[in-house]
Q: 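Pasting a structure here, questions to come.
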Amino acid sequence: MGALAAESGTPEGTDWDEIVRVWEETDAPEGSKVEIIEGIVTVPPPPSEEHNDTAELVQRGLYTAIPDDWGVYQTLGLTCPESGGLFMPDLCVVPRAALRRGTRVHAGEAELVVEVTSKSNANHDRIKKAHGYAVAGVPLYLLLDAWQSGRPTATLYGEPQSGTYRVLNSVEYGEELTLPAPFKLTLDTGIFPLG
């Protein structure tokens, strides 16, 4: 795997285009996601069965809460050249029109991004991706963190400003967490597997 770094905050241009080219050409093991985090091409290990199960349970609920012209995507690359990122969130809700333009989808076009932490790279989701999504202006970021301080936690972030989110709600697994409008969806975090 090749790696190429750029300055964080690099605007779209030669450096960003070069990083994206390396990302496109990276040959990763089947089931792996190749992402750009703070200007560095990364290949985390494939997610566990519990990780995939959690994402699917959330996806199932989201389909009941979104308009017909929005989709829920598991492998959609969302760009954020402002923070040197091209993320492949575990789930994102994006208007279908954004996927039909023939260009990469900017992270700010997502209505919701969901990340399910893995033990090996949880800090990417907690810190670096949270910052990238906030910089891009994603209105809601749901972090499902089975590895948080020994107690699995679901945290909903919102109101992005200057690269930082405000915590809208945080619950331990086993409690309910409600996504606000436009979703108006209550998630029972007790059904999520641990680990």
Q: Calculate, to the nearest 0.5 Å, the distance between atoms CD and OG1 belonging to Gln148 and Thr153 respectively.
A: 5.5 Å

Q: Do the side chains of Ile127 and Val167 join up, straight or via other hydrophobic residues, at under 4.5 Å, putting them in one cluster?
A: no

Q: Under the side chain to side chain contact (heavy atoms under 4.5 Å, CB included) criterion, do Leu177 and Leu179 qualify, and how do the steps go?
A: CA-CA 7 Å; Leu177 182 121; Leu179 301 179; 4.0 Å; yes

Q: Enter the distance from Arg151:CZ to Glu172:CD here, rounded to the nearest 0.5 Å.
A: 5.0 Å

Q: The test is side chain to side chain contact (heavy atoms under 4.5 Å, CB included); show your working for Val58 and Phe192 and say whether it passes.
A: CA-CA 9 Å; Val58 174; Phe192 298 154; 3.6 Å; yes

Q: For Arg60, is the CZ atom crowded, meaning more than 12 foreign heavy atoms sit under 6.0 Å from it?
A: no

Q: Would you mind telling me which of Tyr157, Phe87, Tyr165 makes a ring-ring contact (aromatic ring centres under 6.0 Å, His included) with Tyr133?
A: Phe87

Q: List the steps, then state whether side chain to side chain contact (heavy atoms under 4.5 Å, CB included) holds for Glu50 with Leu194.
A: CA-CA 7 Å; Glu50 295 84 5; Leu194 302 178; over 6 Å; no

Q: Atom CZ of Arg126 and atom CG of Asn121: how far apart are they, to the nearest 0.5 Å?
A: 9.5 Å

Q: Before giving the answer on side chain to side chain contact (heavy atoms under 4.5 Å, CB included), spell out for Tyr141 and Leu168 the whole-Å C-alpha distance, their side-chain angles and the decisive distance to 0.1 Å.
A: CA-CA 10 Å; Tyr141 174 45; Leu168 301 180; over 6 Å; no

Q: Determine whether a donor-acceptor pair (N or O, by modelled atom type, separation under 3.5 Å) exists between the side chain of Thr79 and the backbone of Leu86.
A: no

Q: In terms of side-chain heavy atoms, does His51 have a donor or acceptor partner in Glu56 at a distance below 3.5 Å?
A: no

Q: Could you check if a side-chain atom of Val113 sits within less than 4.5 angstrom of a side-chain atom of Leu78, using non-hydrogen atoms only?
A: yes

Q: Please determine whether a side-chain nitrogen of the Lys or Arg among Arg104 and Glu109 lies less than 4.0 Å from a carboxylate oxygen of the Asp or Glu.
A: no

Q: Could you check whether any side-chain N or O of Arg96 sits under 3.5 Å from a backbone N or O of Trp70, counting only pairs where one atom can act as donor and the other as acceptor?
A: yes

Q: Could you give me the CA-CA distance, side-chain angles and deciding distance for Thr117 and Asp145, then say whether side-chain hydrogen bond (donor to acceptor under 3.5 Å, both in side chains) is met?
A: CA-CA 5 Å; Thr117 61; Asp145 194 348; 2.9 Å; yes

